[in-house]
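Everything below concerns the one structure shown next.
Numbers for residues simply follow the sequence, beginning at 1. Note that ligands are numbered from 1 as they come in the structure, with each ligand's atoms numbered from 1 the same way.
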Amino acid sequence: MSTKHTSTVIVTGGAGYIGSHTIIELLEQTNYNIVSIDNFSNSNQDTFDRIEAITGKKVLNLNVDICNLEALELAISKVKNPIGIIHFAAFKSVPQSVHDPLLYYHNNLGSLINILKICQQLQIANFIFSSSCSVYGNVEKLPVTENTPFQKAESPYANTKQMGEEIVANYTKSETNFKSVLLRYFNPVGAHPTGLNGEYPRSRPDNLVPYITQTAAGILQKLTVFGGDYDTRDGSCIRDYIHVSDIADAHVKALNYLIENKQKEATSIFNLGTGNGVSVLEAIKSFEKVSEQKLNYEVGPRRAGDVINIYANNDLVKKELNWNPKYDLDAMMLSAWKWQLNLGK
Ligand code: UD1
């Protein structure tokens, strides 16, 4: 694409795992000018070099804490023609949120409210919010559709997403010129297919796939499978793993959907999952196959707060956004492994 757009899309948390992959897709699929807002509280400046290595494009990042409204207003006042905001910036560790709930409520909700105030001040009409399948809690009927009623949030993190969705929906209702999409991610995994960008855990990872790749790389000694006695086909928990580039692609489609006024409701909600439930042991098998090595793991006790079994019905997002996940489980694991090898041991 040759001519550059005069409108800007603001991506909060642009140095983060899903934010950076979304910036790559936006740069490759659209002509919008992209500005990131990230204070690197759980990410790294090098991400922008990696984005440039993949796309050949430099991205401007505004290093401000979104919870500081004055600093945010000042930084955003310099952005030309903001047309939409994709709001990723948030904390996302379930166990950390149980340990320090105030940190999660302050950061995840404070930043969301400030970003919506900016939308109101500058009359920015298009908004995408990073939500999570954790909003559903422990449901009775699978797969979950967007209409599956929420159960109690299993963690303060999940509660910030339930409350965040409501805040966005309430605000959307109150403004005539404002539209929003809530994207409920299932389990984003994998890395850019080049292996040049991926998840960058700053400390010991909590999530399964970085734990697997770091164990295979010898950084961690052994993976523990949290629970082998659940009522599932092999006793381990079931999740809907989805490639991060497929998640990123859905954001580009959601943004175009809003900008082109195709939405049927002021707030649209979509599940972002492949629709396939995969057990922890099946994920490990896939990793062993594509990396051609045995993983050091053992089946251990259950982890507190784990949902047993959850996967998506993704009919709505396929139909409305014309989105289809491209990567299967093996491709997710292979890209994650390529990224780990690239990061080094
Ligand atoms: C959780 C949230 C999700 C959130 C994500 C952010 C729920 C249902 N899901 O994902 O919404 O976006 O955190 O981090 O609350 N496992 C092991 N050993 C390990 C690590 C994980 O067996 O060392 C297992 C877990 O028990 C689970 C699966 O792997 O069954 C996936 O775990 P994880 O990657 O941590 O993600 P979720 O907890 O599903």
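- Residue contact annotation: Arg303 has a non-hydrogen atom under 4.0 Å from ligand 1.
- Ring pair Trp339/Tyr200 is tilted by interplanar angle, where 30° to 60° counts as tilted.
- If you number the atoms of ligand 1 from 1 as listed, the ones under 4.0 Å from a heavy atom of Asn207 come out as 14 (O), 33 (P), 34 (O), 35 (O), 36 (O).
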Can you check ring pair (Phe, Tyr, Trp, His ring centres under 6.0 Å) on Phe91 and Tyr157, steps first, answer last?
CA-CA 8 Å; Phe91 291 153; Tyr157 161 78; over 10 Å; no
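- The contact set between ligand 1 and Asp206, taken as ligand atoms under 4.0 Å from a residue heavy atom, comprises 20 (C), 35 (O).
- For atom 26 (O) of ligand 1, the nearest protein heavy atom (residue, atom name, distance) is Asp306 OD2, 2.5 Å.
- Checked by distance only, ligand 1 and Cys133 stay at 3.5 Å or farther apart across all their nitrogen or oxygen atoms.
- Those atoms of ligand 1 with a heavy atom of Lys92 less than 4.0 angstrom away are 6 (C), 14 (O).
- No donor-acceptor contact under 3.5 angstrom links the side chains of Lys262 and Asn256, judged on distance only.
- Of all atoms in ligand 1, numbered sequentially from 1 with element shown, those under 4.0 Å from a heavy atom of Asn187 are 10 (O), 31 (C), 36 (O), 37 (P), 39 (O).
- Nearest protein heavy-atom contact of atom 24 (C) of ligand 1 is Val280 CG2, 3.8 Å.
- Under the 4.5 Å side-chain heavy-atom criterion for Ile, Leu, Val, Met, Phe, Trp and Tyr, Tyr185 and Val244 are members of the same hydrophobic cluster.
- Considering backbone and side-chain N/O of Arg239, one or more are found under 3.5 Å from N/O of ligand 1.
- Of the listed residues (Glu154, Gln162, Glu146, Arg184), just one forms a side-chain hydrogen bond (donor to acceptor under 3.5 Å, both in side chains) with Tyr136, and that residue is Arg184.
- For the residue pair Thr215 and Asn296, no side-chain donor N or O sits within less than 3.5 Å of a side-chain acceptor on the partner.
- At the shortest separation from atom 18 (N) of ligand 1 among protein heavy atoms lies Thr224 O, 2.8 Å.
- Of the candidates Tyr185, Tyr157, Tyr17, Phe91, it is Tyr157 that places a heavy atom closest to atom 12 (O) of ligand 1.
- Using a 4.0 Å heavy-atom cutoff, Tyr241 is listed among the residues neighbouring ligand 1.
- Ligand 1 places these atoms under 4.0 Å from at least one heavy atom of Val225: 22 (O).
- Checked against a 6.0 Å centroid threshold, the rings of Phe186 and Tyr241 do not count as neighbours.
- For atom 29 (O) of ligand 1, the nearest protein heavy atom (residue, atom name, distance) is Leu208 CB, 3.5 Å.
- For the pair Phe226 and ligand 1, the shortest N or O to N or O distance falls below 3.5 Å.
- Look at Arg303 and Asp206 and you find no salt bridge, because none of the NZ, NE, NH1 or NH2 atoms lies under 4.0 Å from a carboxylate O.
- With 3.5 Å as the limit, one finds a donor-acceptor pair spanning the side chains of Asp249 and Gln29.
- Those atoms of ligand 1 with a heavy atom of Val94 less than 4.0 angstrom away are 1 (C), 13 (O).
- Relative orientation of the Phe88 and His251 rings is tilted, given thresholds of 30° and 60° on the angle between their planes.
- Between Tyr17 and His21, the ring-plane angle classifies as perpendicular under the 30° and 60° cut-offs.
- The distance from ligand 1 to the heavy atoms of Val307 drops below 4.0 Å at these ligand atoms: 8 (C).
- Nearest to atom 3 (C) of ligand 1 by heavy atom, out of Ser132, Pro188, Ala158, Gly228, is Ser132.
- Close N/O approach between Tyr211 and ligand 1 is not found [any backbone or side-chain N/O within under 3.5 Å].
- Residue Cys237 approaches ligand 1 through these ligand atoms, each under 4.0 Å from one of its heavy atoms: 30 (O).
- With respect to the salt-bridge test (charged N to carboxylate O, under 4.0 angstrom), the residues Lys173 and Glu166 do not qualify.
- Within the structure, the closest approach of Ile310 to ligand 1 does not fall below 4.0 Å when heavy atoms are considered.
- Scanning the protein for heavy atoms near atom 7 (C) of ligand 1, the closest one is Ser134 CB, 3.9 Å.
- Inspection of the Thr8 and Asn81 side chains reveals no N or O donor paired with an N or O acceptor under 3.5 Å.
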